[in-house]
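To start, the structure itself, in structure tokens.
Just the heavy atoms: all of them, side chains too, but no hydrogens, waters or symmetry mates, feed the values below. In what follows, every chain begins at residue 1, and chains take the letters A, B, ... in the order their sequences are listed. Everything numeric in this text was worked out from a predicted model, so none of it was measured.
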Number of protein chains: 2
Amino acid sequence: MADGRKWVTMGDVAARAGVGKITVSRALRTPSKVSPATLRKVQAAVDELGYVLDETAGALSSQRSRVVGALVSTLEEPVFAATIRGLTEGLGAGGLQLMLATTQYDPETEASLISTMLGRRPEALVLTSDRHTPAAHALLERAGIPVLELWGLPNPPVHAAVGFFNREAGAAITRHMIETGRRRVAFLGLNREHDTRAQLRRQGYVDLCGQLAEERIVAVTPRPGVAGPDLGAQGLGVILQRWPDTEAVVCVSDMLASGALCEAWRRGLDVPGQLAISGFGDFDMASPAALALTTVHIDGLAIGRRAAELILAGELPKGLRENLGFTVVRRATS
Amino acid sequence: MADGRKWVTMGDVAARAGVGKITVSRALRTPSKVSPATLRKVQAAVDELGYVLDETAGALSSQRSRVVGALVSTLEEPVFAATIRGLTEGLGAGGLQLMLATTQYDPETEASLISTMLGRRPEALVLTSDRHTPAAHALLERAGIPVLELWGLPNPPVHAAVGFFNREAGAAITRHMIETGRRRVAFLGLNREHDTRAQLRRQGYVDLCGQLAEERIVAVTPRPGVAGPDLGAQGLGVILQRWPDTEAVVCVSDMLASGALCEAWRRGLDVPGQLAISGFGDFDMASPAALALTTVHIDGLAIGRRAAELILAGELPKGLRENLGFTVVRRATS
DNA sequence: CGACTTCATGGTACCGATACCACCGGGTAT
DNA sequence: ATACCCGGTGGTATCGGTACCATGAAGTCG
């Protein structure tokens, strides 16, 4: 505080309530171990003094920080928002707090953040990327805490993973285009060096290229951090210029697909008659009420919840890979 | 760690490097106070052992947590994403880490999170809401740390605020509709009880109703947490049913506006000839490359950066309200 | 009725870092 | 030469809780 006042301590509360500080600790952490009368006294003292338990001290002495670290690639695109909510809610129920940071899809940033996170001695770490620097890898190994990689199923995972197969998903949405009669199918990807998930989805497309007229891949380069709809519009332009007879565009993300879709409209193309477009992620704007975008639905909330469950259960088996799958959702653009 | 291993401590590093632990502390925190030779020895030991400084212990003994708490209303709508990035980057440069949590627009949740946050003894607190429970208010007052409210300019703020006048913004976008010749202007709002910002924007609309044919307000009710485009579509339906001759719809958020816009297209309405639509926030999808939505642009990044600056400067003057303004952006929907 | 258990509570050591002060050696000022 | 300063280093106390063990009172059982 500005004027030299200090935080109230447990000792102050104990004195006020006329009990030992250990009793205050118990009253706040395990109320069942304290008699109702004492509990009332302590509660009163806590309220009067506006005391808030100091977790930094608690963490030190109990060697349990009650914190779980989470490193997500981005918050700007709300891909991971539902997952974060699932994690927060799940962990909160178990008395754990989520500490969040963003890596901007950069392994160096991730490495430095892992180190920062470990400084808070978290009880587990959650990552939404699967490409780590060797240094980061070493830190994770040595930390000896559960590490969960989400939204993908790397083989092998650093420790354990909850997600789905991006390659399968990329193949599935491409197959959907083929099954609905398209043969000249293009893929609109992203030059984001370390986004291995996106690369796997592209690989899924490539896997099916044998059934296509031709391999048609265009990748746009995002400005640091954000891959917005403008890139989708731009990418569609490139595709149509290079292959004017394209019948379908599989986009690596909903954001790109939205941009491409709007651009197609602007050009007066008939979607889906003339050109089909698909996205990935099933974000809000893809809903039938908005763009009605054909896309791959990922249950981000479930991923977050399951991750929280696994962390709370303790004893996370090394090498575990839990596949929560995905769903191809056909809407108005295919 | 699973097999009983413990975290490496500063003592281990000191022993390894053949120095006292205080020297290790200095080598890591203030390298300039240690001789180059010693520094190298310590660095080597740190690397060999994979040591990461324990901030929980550091926080306790130095009484400085190097953490700033941030409570945002939502992550699902990426409104605050840029602000968070600005905060993270700005604070990071000053050696502070952001601890993030979401309130879901609920003051009770906020109150409980404030308490949780204070448990980590943050050096400052950032809030994106300005409606707090009395208990939360008392906690904030007593905490004696800087408290910054963002995205609004409450009068008086709990401590200080960085943002803009939502009421002015609501009035400005309504005025834009009037200036472009519309008189039968409706407002599409949100029944989100504690979202005072949204209510102020609506108030801005009401302020100008004298110049309008009629006050036309419809509010839709979000499912917990998320106000998606489906609500916008639904809301437009209600408006057009009640007042079929409506010429413009001012929406309280981009998300609603997007839904309304898509619904208008589906109904075959000419936008903006027959019906103008505006949003609020200028999110990605509002860009010219995507929906080209007329909206109010808020520089969330600047808000975050400025907040970080103020926190790092220390000595945050009580009652400060910094107005970073907004911009009405006319695009293709008005 | 005595031994044993359970419950509520307190004392003391300790978690892993940093603050504070002390110390040492060598250079500079007087 | 003595006094003083200063960069580099270490010892010890301390931050605010919790673990662990001990204590005393009340209840249980044969």
Options D:dG16, D:dG10, C:dA17, nucleotide nearest the side-chain atoms of B:Val19: D:dG10
Partner set under side chain to side chain contact (heavy atoms under 4.5 Å, CB included) for B:Ser115, not counting sequence neighbours: A:Val52, B:Leu139
Strictly by salt bridge (charged side-chain N to carboxylate O under 4.0 Å, His left out), give each pair with a member in residues 107-118 of chain A just once, sequence neighbours left out. none
Side-chain donor-acceptor pairs under 3.5 Å in residues 80-101 of chain B, sequence neighbours left out?
residue, atom, partner, partner atom, Å
B:Thr83, OG1, B:Trp151, NE1, 2.9
B:Thr83, OG1, B:Gly300, O, 3.0
B:Arg85, NE, A:Glu76, OE1, 3.2
B:Arg85, NE, A:Glu76, OE2, 2.8
B:Arg85, NH2, A:Glu76, OE2, 2.8
B:Thr88, OG1, B:Ile84, O, 2.7
B:Gln97, OE1, A:Arg120, NE, 3.3

Using side-chain heavy atoms (C-beta onward) and a distance below 4.5 Å, is A:Leu118 in contact with A:Leu125? yes
Residues that B:Ala161 engages under side chain to side chain contact (heavy atoms under 4.5 Å, CB included), provided they are two or more places apart: B:Glu149, B:Leu153, B:Pro154, B:Pro157
Does A:Ser112 offer a backbone N or O that forms a donor-acceptor pair with the side chain of A:Thr116 under 3.5 Å? yes
Do A:Lys21 side-chain and D:dG17 base share a donor-acceptor contact under 3.5 Å? yes
What integer distance in Å separates B:Arg121:CZ from D:dG16:P? 9 Å
Polar atom pairs (N or O), protein with nucleotides 5-7 of chain C, under 3.5 Å:
none

For B:Leu316, does its backbone N or O pair with a side-chain atom of B:His159 as donor and acceptor, under 3.5 Å? yes
Side chain to side chain contact (heavy atoms under 4.5 Å, CB included) with A:Thr9: which residues, sequence neighbours excluded? A:Asp12
Between D:dG17 (P) and B:Leu118 (CG): distance, integer Å: 13 Å
Using atom CG of B:Leu60 as one end and atom C1' of D:dC15 as the other, report the distance to the nearest whole Å. 4 Å
Roughly how many Å is it from CD in A:Gln63 to P in D:dG16, rounded to a whole number? 18 Å
Between CG on residue B:Leu310 and CD on residue B:Glu322, distance to nearest 0.5 Å: 5.5 Å
Looking only at the side chains, is there a donor atom on one of A:Thr128 and A:Ser73 sitting less than 3.5 Å from an acceptor on the other? yes
Given C:dG16, is OP1 or OP2 found less than 4.0 Å from the side-chain N or O atoms of B:Tyr51? no
Test: salt bridge (charged side-chain N to carboxylate O under 4.0 Å, His left out). Region: residues 24-53 of chain B. Which pairs qualify, not counting sequence neighbours? B:Arg16-B:Glu48, B:Arg29-B:Glu55
Could you give all pairs that pass the salt bridge (charged side-chain N to carboxylate O under 4.0 Å, His left out) test and reach residues 122-136 of chain A, with sequence neighbours left out? A:Arg64-A:Glu123, A:Asp130-A:Arg197
With each end axis built from five pairs of C1' atoms, what bend angle do you get for the helix from C:dC1-D:dG30 to C:dT30-D:dA1? Round to 10°. 30°
C:dA17, D:dG16, C:dT9: which one has an atom nearest the side-chain heavy atoms of B:Thr9? C:dA17
A:Met10 has an atom CE; how far is it from atom C1' of C:dG10, in whole Å? 14 Å
Of the residues in residues 27-43 of chain A, which ones touch DNA chain D at a heavy-atom distance under 4.0 Å? A:Arg29
Distance, rounded to the nearest Å, where B:Arg64 contributes CZ and D:dG16 contributes C1': 18 Å
Contact string for nucleotides 19-27 of chain C, one letter per nucleotide 5' to 3', B = base within protein heavy-atom range under 4.0 Å, S = sugar-phosphate only, - = neither, reads B--------
B:Asp54 has an atom CG; how far is it from atom P of D:dC15, in whole Å? 18 Å
What pairs meet the salt bridge (charged side-chain N to carboxylate O under 4.0 Å, His left out) rule with one or both residues in residues 152-162 of chain A, with sequence neighbours excluded? none
Minimum heavy-atom distance between B:Thr74 and B:Thr102, given as atom pair plus value: C-CG2, 4.4 Å
